[in-house]
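To start, the structure under review is shown below, and the notes come after it.
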Amino acid sequence: MRTKATRSGRLSWQRLNPSASNKPGGLGVCWMEPGGFKAVRFGRAVAKRLSNGQKYHAAGLPSFSPLQKCTAALRQLAYGITGDAFDEYVRMGDSTSRQCLNNFVLGIIQMYGKVYLNKPTYEDIQQLYAAHEKRHGFPGMLGSLDCMHWEWANCPVAWQGQYHQGDKTHPSVILEAAASQDAWIWHTFFGCAGAMNDLNVLNHSPVFEDVYNGIAPDRTFQVNWATYKHIYYLGDGIYPEWDTFVKTFSYPEDAKRIKFKGAQEAARKDIERAFGILQKRWSIVKQPARVMEIRTMSNIMYACIILHNMIIENKNKAICIVPHDLPDPPNPQLTEEQRMANLFQVRNSTIQHNLWADLVEHIWNLDIDF
């Protein structure tokens, strides 16, 4: 016979209160793990959004506190557990815990999305140039670009055809991201159907919209005494021959190309490492998604990426210092002809081949073995 769960907010508060942070100006949540305590601290605005005003039961007792709601939301993100797993620990039901998760990720996105999902500024680009050239030997490299699939367990039956790829066992939703050497994720685009490949996702992605609209900061750099205007990402073989992508050689024919192939593949592991850290730290994006809406999946994914970048900054491992008072992005004032001219310039394969050749010579002259 099934036993009835005792959902007492007072009992769960007494359990969490010794771990609560009483410092002014924020809300602290921590819990015990095999490797020690895991702690996360947020501002009062997140706690205010989670609380939505202190509610009271019919008996006049207060409902769940912001600390209890944050704990329920964070445990779902970190462990990927279901909402009804909090009956014993937080004394919270399934619907309440899922509502706490939705409010939590919305609060994270609204509060910190502008800072931690922002495109790099001119100062950030110069710091990334220097860090990547020192670490990987690629001047002008902004990061690595790739896609990751998040399995969708509760995908509606009518949609499974467009969200199911041939080499996958279940429907999925695609995340396109670009990461730097410190695993900081600078670009995110989530929501494309799992049946698409990386090239289809790129055609829908806004990764180069600031370049097309003429509002991107100055990205000029030099390679082998040649000047180039646009930054580039390292990508695999499916990406097109644009001057914003540098791919490797499928069949290198000489020693120069063999060395370049090793350098490019070694540097492109940054994005794979960032995906691995993201899935290891937030298990909810590694396990099949149990939600029914794409919008909810997007909010969860973006919130996990924001928290991922926040942890990198908190550990002082970020290459760039993130300003928290960013101005609003400028509005593009280009005509359609000017925008199309910028688009054709980005997709110029001749510039890409020249950049490719200059990078091969640059890597060959470096005293580094890959």
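Only this structure's heavy atoms are used, side chains among them; waters, hydrogens and symmetry mates stay out.
- Ring geometry for Tyr239 against Phe245 counts as parallel: the plane angle stays under 30°, on a 0 to 90° scale with 60° as the upper cut.
- For the pair Asn314 (side chain) and Met310 (backbone), a donor-acceptor distance under 3.5 Å is absent.
- Trp364 has its ring centre no less than 6.0 Å from the ring centre of Phe260.
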How far apart are the C-alpha atoms of Asp146 and Arg268, what are their side-chain angles, what is the distance that settles it, and do they pass the side chain to side chain contact (heavy atoms under 4.5 Å, CB included) test? CA-CA 9 Å; Asp146 204 355; Arg268 214 182 69 82; 3.5 Å; yes

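- Judged as a salt bridge (charged side-chain N to carboxylate O under 4.0 Å, His left out), and not counting sequence neighbours, Glu293 has no contacts.
- Criterion: ILVMFWY side-chain heavy atoms under 4.5 Å apart, direct or through other members. Under it, Ile294 and Val157 are not part of a common hydrophobic cluster.
- We find that Arg219 and Asp210 are joined by a salt bridge, their nearest charged nitrogen and carboxylate oxygen being less than 4.0 Å apart.
- Judged by distance alone, the side chain of Tyr302 and the main-chain N or O of Phe190 form a donor-acceptor pair under 3.5 Å.
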Kindly indicate, with the supporting measurements, whether the criterion side-chain hydrogen bond (donor to acceptor under 3.5 Å, both in side chains) is fulfilled by Thr227 and Gln222. CA-CA 4 Å; Thr227 302; Gln222 287 188 342; 3.3 Å; yes

Checking side-chain hydrogen bond (donor to acceptor under 3.5 Å, both in side chains) for the pair Asn224/His362: CA distance, chi angles, key distance, verdict? CA-CA 6 Å; Asn224 201 23; His362 178 79; over 6 Å; no

Would you sort out whether Thr296 and Asn299 count as a side-chain hydrogen bond (donor to acceptor under 3.5 Å, both in side chains), showing the intermediate values? CA-CA 5 Å; Thr296 306; Asn299 293 336; 5.5 Å; no

Does Leu359 form a side chain to side chain contact (heavy atoms under 4.5 Å, CB included) with Phe138? I'd like the steps, not just the answer. CA-CA 7 Å; Leu359 285 174; Phe138 282 90; 4.3 Å; yes

Could you walk me through whether Glu209 and Arg339 pass the salt bridge (Lys or Arg N to Asp or Glu O under 4.0 Å) test, one step at a time? CA-CA 10 Å; Glu209 282 296 321; Arg339 190 178 185 279; 2.7 Å; yes

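- Following chains of ILVMFWY side-chain contacts shorter than 4.5 Å, one cannot reach Phe189 starting from Tyr116, and the two form parts of different hydrophobic clusters.
- No chain of hydrophobic side-chain contacts below 4.5 Å, direct or via other Ile, Leu, Val, Met, Phe, Trp or Tyr residues, connects Ile277 to Leu234.
- The hydrophobic cluster containing Met292 does not contain Val173, counting ILVMFWY residues as joined when their side-chain heavy atoms lie under 4.5 angstrom apart, directly or transitively.
- Inspection of the Gln181 and His132 side chains reveals no N or O donor paired with an N or O acceptor under 3.5 Å.
- Taking hydrophobic clusters as Ile, Leu, Val, Met, Phe, Trp and Tyr residues chained together by side-chain heavy-atom distances below 4.5 Å, Val285 shares a cluster with Ile185.
- Checked by atom type and distance alone, the side chain of Trp152 never pairs as donor or acceptor with a backbone atom of Gly194 at under 3.5 Å.
- Across all their heavy atoms, Val346 and Trp242 have their closest contact at O-CB, 3.3 Å.
- Residues satisfying the salt bridge (charged side-chain N to carboxylate O under 4.0 Å, His left out) criterion with Lys261, sequence neighbours excluded, are Glu265.
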Please evaluate residues Phe221 and Tyr232 with respect to the criterion ring-ring contact (aromatic ring centres under 6.0 Å, His included), reporting the C-alpha separation (whole Å), side-chain torsions for both, the decisive distance (0.1 Å), and the verdict. CA-CA 10 Å; Phe221 65 95; Tyr232 61 86; 5.7 Å; yes

